[in-house]
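To start, the structure under review is shown below, and the notes come after it.
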Amino acid sequence: MTGVVSNTAPSPGAGRLFVVSAPSGAGKTTLCNAVRQRFPMLQYSVSTTTRAPRTGERDGVDYHFISTAAFEEGIRNGVWAEWASVHGNYYGTSAAVIDEAIRNGRHILLDIDVQGAAQIVARFPDSVTIFIMPPSIAVLKQRLGGRGTDDPAEVARRLAAAQNEIDQRGRYRHVVVNDTLAAAVAELSRLFASYIADNGNGAAPDTVSS
Ligand code: ADP
Ligand code: 5GP
């Protein structure tokens, strides 16, 4: 068990917990960055991972980069609100960070995989879950290759996992297709605004968009 407070129905002034997932390369990081710029009140949950930093990634900003032994110690100590092994590395969300955001009524954004999202929804049923879809597998492949951050074996591993992740999009409250970047940013921004506008209790319908 972790020290995470339980979250039932949102109360007036309560923050929202947003969960965004996508197959690797669909554009989740790009879209989350755009949303964070537009909604500065949205706290970003910096995940912890055992994966090696990519060029340009900063410890404590993009991820907290730690060793496998340290991550596994965190598992034993109940440090993670959710955690999963993704593409051969551990990734986890700090329970303390979520706990604090909820206590303080802040909106918080989690960029996590489908396994982690399921754990968060089980614990926080009012989470606003959003799945980002690539327009096609062919485009996903182009984007993964074009990003230039992963070697061919890693790209193949991520592509192989993509269909299984996409198959789980029906578990999400909203689905947004990231075809044209501007259109996807606009759609996501409308979505976030609908929840955030009313001080965290926006009455956005549980529709699947796009
Ligand atoms: P993820 O975080 O889902 O793995 P990224 O945000 O890193 O994906 O995006 C993967 C690559 O695709 C990056 O090079 C990014 O610049 C590019 N990209 C993201 N969205 C679009 C888009 N709508 N059109 C074209 N390229 C995109
Ligand atoms: P990447 O290595 O490309 O940054 O991320 C790989 C995958 O791990 C993505 O699907 C991303 O959403 C997911 N991920 C990042 N942080 C977390 C986390 O804290 N928990 C879980 N479960 N997945 C995460």
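Counting starts at 1 for both ligands and their atoms, following the listed order.
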**Asked** Looking at R158 and E154, does any basic side-chain N land under 4.0 Å from a carboxylate oxygen?
**Response** yes
**Message:** Looking at D150 and R157, is there a salt bridge between them, counting it only when a charged N and a carboxylate O are closer than 4.0 Å?
**Reply:** no
Can a donor-acceptor pair be found, under 3.5 Å and without considering hydrogens, that links the side chain of [X] to the backbone of [Y]?
| X | Y | value |
| --- | --- | --- |
| N178 | M133 | no |
| T129 | R173 | yes |
| R38 | A34 | yes |
| R16 | G105 | no |

Within reach of ligand 2, part of [X] (heavy-atom separation under 4.0 Å):
| X | result |
| --- | --- |
| R54 | side chain |
| T93 | both |
| Q115 | neither |
| Q119 | neither |

Side chain or backbone, does [X] bring an N or O within less than 3.5 Å of an N or O on ligand 2?
| X | answer |
| --- | --- |
| E82 | yes |
| G92 | yes |
| R51 | yes |
| S47 | yes |

Measure the distances from the heavy atoms of [X] to every atom of ligand 2 and state whether one is below 4.0 angstrom.
| X | value |
| --- | --- |
| E165 | no |
| Y63 | yes |
| S21 | no |

**Centroid-centroid under 6.0 Å between H174 and F18 rings** = no
**Asked** Are W83 and Y91 an aromatic pair by the rule of ring centers under 6.0 Å?
**Response** no
**Request:** Just jot down the ring-ring contact (aromatic ring centres under 6.0 Å, His included) partners of Y44, sequence neighbours excluded, or say none.
**Result:** none
Top protein contact for [atom], by heavy-atom distance:
| atom | result |
| --- | --- |
| atom 6 (C) of ligand 2 | Y91 OH, 3.6 Å |
| atom 23 (N) of ligand 2 | D113 N, 3.0 Å |
| atom 11 (C) of ligand 2 | K28 NZ, 3.5 Å |
| atom 7 (C) of ligand 2 | V86 CG1, 3.8 Å |
| atom 3 (O) of ligand 2 | R158 NH1, 2.7 Å |

**Message:** With heavy-atom distances below 4.0 Å as the criterion, list the atoms of ligand 2 near G116.
**Reply:** 22 (N)
**Request:** Would you mind running through ligand 2 and noting each atom that sits below 4.0 Å from a heavy atom of A84?
**Result:** 22 (N)
**Closest non-hydrogen atom pair, P23 against F131** = CD-CZ, 3.6 Å
**Message:** Surrounding CZ of R54 (heavy atoms of other residues, nucleotides or ligands, distance under 6.0 Å), is the total greater than 12?
**Reply:** yes
**Request:** Could you give me the CA-CA distance, side-chain angles and deciding distance for R36 and L109, then say whether side-chain contact (heavy atoms from CB on, under 4.5 Å) is met?
**Result:** CA-CA 9 Å; R36 289 166 63 192; L109 171 61; 4.0 Å; yes
**Prompt:** Can you check side-chain contact (heavy atoms from CB on, under 4.5 Å) on I66 and Y90, steps first, answer last?
**Reply:** CA-CA 10 Å; I66 67 170; Y90 285 126; over 6 Å; no
**Item:** pair I108-L42: side-chain heavy atoms closer than 4.5 Å
**Value:** no
**Message:** If you define the side chain from C-beta out and look only at heavy atoms, does anything of S45 sit under 4.5 Å from S94?
**Reply:** no
**Message:** If the criterion is any heavy atom closer than 4.0 Å to an atom of ligand 1, which residues make the list?
**Reply:** P23, S24, G25, A26, G27, K28, T29, T30, R143, R147, N178, D179, T180, L181
